[in-house]
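Residue numbers start at 1 and run along the sequence shown. Atoms within a ligand are numbered from 1 in the order they appear, just like the ligands themselves.
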Amino acid sequence: VENVGILAMEIYFPSQYVDQVELEKFDEVAAGKYTIGLGQSRMGFCSDREDINSLCLTALHRLIEKNNINLHDIGRLEVGTETIIDKSKSVKTFLMTLFAKEGATDIEGIDTTNACYGGTAALFNAINWVESSSWDGRKAIVVAGDIAVYGKGPARPTGGAGAVAMLIGPDAPLVFDCGVRASYMTHAYDFYKPDLASEFPYVDGKLSIQCYLSALDNCYNLFCQKMRKVDPKFKGLLSLDGMLFHSPYCKLVQKSLARVSFNDFLNATEAEREKQFPGLSQFSTYNRCDTYFDRDVEKAFMTYSNKLFEQKTKPSLHIARNVGNMYTPSLYGGLVSYLVSKSPDQLIGKKFALFSYGSGLASTMYSINICSDMSAGSKLEKLIKSLNENVAMLDSRQSIEPQKFSDIMQVRTENYHTAPYEPSGSIEVLFPGTYYLNKIDDQRRRTYERK
Ligand code: ACO
């Protein structure tokens with residue numbers, strides 16, 4: 001099989017959002033803290049009408065409908081999520097309701113979890129399956145979804161929610177490079193969810209940023225080494241048309257691109273440094289690991305990389321800025337945003353790197369090539385057209401005032417463990433085609449309807 005990758009994609013985010021300017025006022029923090037300091041404009045959120053099963057059902061059903069997928073042509077269905085509402089039963093089994101009613105039950109795959117990384121792990125499972133001896137010629141679907149909510153306090157404006165569904169198979173317009181995936185995995189208590197009675201994580205904000213940036217350093221340098229084995233002329237960021245990141249909040253992504261430039265600087269020879277990084281020689285003696293919160297390094301390389309950021313990364317942040325951290329789908333929202341910012345002509349033959357990070361921690365940098373093959377070209381056009389319809393929905397959402405948002409969050413918090421339970425959240429507000437929670441019975445069994 002050749003050119004294994006993403007054939008079709010569908011992204012879903014909630015129909016309600018809270019404006020970050022209004023949230024700054026409501027939270028009585030300095031104006032600009034969330035909008036400039038974190039780089040966020042709006043935050044999507046769900047009422048008690050939606051849970052992880054409904055989010056994933058919504059994205060999956062739309063992918064199937066829009067692409068006329070024959071359910072018997074799917075041999076693997078993978079889910080990546082960190083929104084755990086059952087310690088045993090997978091989200092995948094709920095998604096099987098769509099397949100089982102058509103008699104399509106010969107489908108491998110279950111859920112994968114490690115913070116925001118689960119979607120990438122699920123995607124790798126699907127790609128690996130298509131490239132393996134177990135493959136039977138059918139396609140795979142990967143669904144990544146999460147509801148990201150934090151307790152009241154500084155982390156709350158970095159929430160979000162959404163789901164993405166991706167059709168995986170050979171002869172794809174978005175092709176995964178082979179043999180260059182670079183991972184960094186280790187143990188850290190930066191963000192974790194040990195309290196199973198609560199929807200909120202424990203988070204050490206500062207440590208989580210340090211972990212994210214050090215994982216980036218490790219993945220990026222290893223990725224460059226592996227790329228140079230395949231292509232000795234590979235020059236890091238300069239050889240890439242785009243660089244996409246998991247986005248907890250957009251400012252961290254801009255800092256991350258600066259960090260990539262700092263790595264390119266440290267890896268360069270003295271002669272290269274003078275040519276490519278004029279005026280930055282005072283940083284030659286700096287150590288990677290001492291500089292995660294070094295203001296001088298940050299400022300110098302933010303300035304240096306500003307143009308590169310505008311070209312290679314900023315187009316990928318549209319959904320992240322307007323929905324917030326969706327956790328597992330975040331990076332894939334970045335991919336969607338990047339694709340819709342360009343015309344198919346501008347994308348053909350381009351290569352970009354993607355950095356996936358999940359606290360705890362698991363991280364990988366990998367790369368995607370946009371296939372230059374003509375048959376893939378028409379698939380790419382169709383894909384972008386469909387994603388444009390998705391992204392346009394950002395503008396048909398309803399703005400909810402912070403007090404009401406806070407009340408809705410309170411209802412979620414208070415009822416996180418209530419059974420039996422009938423949700424009170426509005427059905428009216430949901431986009432057409434959205435799945436929603438109908439009720440939880442006394443045996444904690446959940447049932448869903450579709451709007
Ligand atoms: N105007 C402009 N900028 C401002 C203003 C203002 N009025 N006030 C503050 N800021 C800036 C700060 O200078 C700071 O910028 P810096 O990062 O460049 O220093 C930024 O706004 C954030 O303010 P802080 O006071 O540093 O941070 P805070 O205590 O509010 O917490 C944090 C931010 C740690 C990101 C918190 O929201 C959090 O814990 N979020 C969840 C964890 C997270 O997302 N981690 C990222 C990786 S792990 C993951 O994906 C979950």
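- Residue Asn325 has at least one heavy-atom neighbour below 4.0 Å for each of these atoms of ligand 1: 50 (O).
- Near Phe191, with a cut-off below 4.0 Å to any heavy atom, the atoms of ligand 1 are 51 (C).
- Assignment of Tyr34 to the shell around ligand 1 is not supported, since no heavy atom sits closer than 4.0 Å.
- For the pair Arg288 and Phe262, the cation-pi test (distance below 6.0 Å, angle within 45°) is failed.
- With hydrogens left out, the protein atom closest to atom 23 (O) of ligand 1 is Lys33 CE, 3.5 Å, a heavy atom.
- Distances shorter than 4.0 angstrom do not occur between any heavy atom of Thr35 and any atom of ligand 1.
- Of the charged side-chain nitrogens involved, at least one lies within less than 4.0 Å of a carboxylate oxygen, so that Arg76 and Glu108 count as a salt-bridged pair.
- Checked by atom type, the side-chain pair Asn53/Tyr435 shows no donor-acceptor distance below 3.5 Å.
- Looking from atom 2 (C) of ligand 1 to the surrounding protein, the closest heavy atom is Gly32 O, 3.4 Å.
- Looking from atom 48 (S) of ligand 1 to the surrounding protein, the closest heavy atom is Ser359 OG, 3.5 Å.
- Ligand 1 has at least one atom lying under 4.0 Å from a heavy atom of His246.
- Some N or O of Ala31 is nearer than 3.5 Å to an N or O of ligand 1, by distance alone.
- The pair Lys307-Glu310 fails the salt-bridge criterion, with no side-chain N (NZ, NE, NH1 or NH2) lying under 4.0 Å from an Asp/Glu carboxylate O.
- Considering Ile408, Ile427, Leu437 in turn, Ile427 is the only one that fulfils the side-chain contact (heavy atoms from CB on, under 4.5 Å) rule with Arg49.
- The closest approach between Arg295 and ligand 1 falls below 4.0 Å for a heavy atom of the residue.
- Per-residue contacts place Val203 under 4.0 angstrom from the following atoms of ligand 1 (heavy atoms of the residue considered): 42 (C).
- Protein heavy atom nearest atom 22 (C) of ligand 1, with residue, atom name and distance: Leu38 CD2, 4.0 Å.
- Near Ser208, meaning under 4.0 Å from one of its heavy atoms, ligand 1 places the atoms 42 (C), 43 (C), 45 (N), 46 (C), 47 (C), 48 (S).
- The aromatic rings of Phe283 and Tyr286 stand perpendicular to each other, their planes meeting at an angle above 60°, with 30° marking the opposite boundary.
- Ranking the protein heavy atoms by distance from atom 47 (C) of ligand 1 puts Pro248 CG, 3.6 Å first.
- From the protein, the heavy atom lying nearest to atom 34 (C) of ligand 1 is Gly205 CA, 3.7 Å.
- For atom 17 (O) of ligand 1, the nearest protein heavy atom lies under 4.0 Å away.
- Geometric assessment of Arg181 against the ring of Phe124 yields a positive cation-pi assignment under the 6.0 Å and 45° thresholds.
- For atom 20 (C) of ligand 1, the nearest protein heavy atom lies under 4.0 Å away.
- When Met166, Lys66, Glu389 are each tested for a side-chain contact (heavy atoms from CB on, under 4.5 Å) with Glu10, only one passes: Lys66.
- The presence of a protein heavy atom under 4.0 Å from atom 32 (C) of ligand 1 is ruled out.
- No more than 12 heavy atoms of other residues, nucleotides or ligands sit less than 6.0 Å from atom CD of Glu270.
- Residues Thr291 and Asp294 bring no donor and acceptor atom of their side chains to less than 3.5 Å of each other.
- Annotation: atom 11 (C) of ligand 1 to nearest protein heavy atom, Gly37 CA, 3.5 Å.
- Note on ring orientation: taking the six-membered ring where Trp is involved, the planes of Phe277 and Phe301 are tilted (angle from 30° to 60°).
- Every atom of ligand 1 with a heavy atom of Thr158 under 4.0 Å away is listed here by number and element: 37 (O), 40 (N), 41 (C).
- For Lys89 and Phe94, the positive end sits near the middle of the six-membered ring, less than 6.0 Å away and at most 45° from its axis.
- The closest protein non-hydrogen atom to atom 35 (C) of ligand 1 is Tyr249 CE2, 3.3 Å.
- Set against the non-hydrogen atoms of Ala155, the atoms of ligand 1 under 4.0 Å away are 36 (C), 37 (O), 38 (C), 39 (O), 40 (N), 41 (C).
- Ionic pairing of Lys92 and Glu78 is not present here: no N-O contact between side-chain nitrogen and carboxylate oxygen is shorter than 4.0 angstrom.
- For ligand 1 and Pro154, the ligand atoms under 4.0 Å from any heavy atom of the residue are 28 (P), 29 (O), 30 (O), 31 (O), 36 (C), 37 (O).
- A salt bridge links Asp51 with Arg446: the distance from a Lys NZ or Arg NE/NH1/NH2 to an Asp or Glu carboxylate oxygen falls below 4.0 Å.
- For the ligand labelled ligand 1, residue Lys251 lies outside the 4.0 Å heavy-atom shell.
- Using cut-offs of 30° and 60° on the angle between ring planes, the pair Phe352 and Tyr338 is tilted.
- Each of the following atoms of ligand 1 lies closer than 4.0 Å to a heavy atom of Tyr150: 41 (C), 51 (C).
- Not a single protein heavy atom sits closer than 4.0 Å to atom 14 (C) of ligand 1.
- To the nearest 0.5 Å, atoms CE (Met365) and CG (Leu222) are separated by 10.5 Å.
- Neither the backbone nor the side chain of Asp190 comes within contact range of ligand 1; no heavy atom lies under 4.0 Å.
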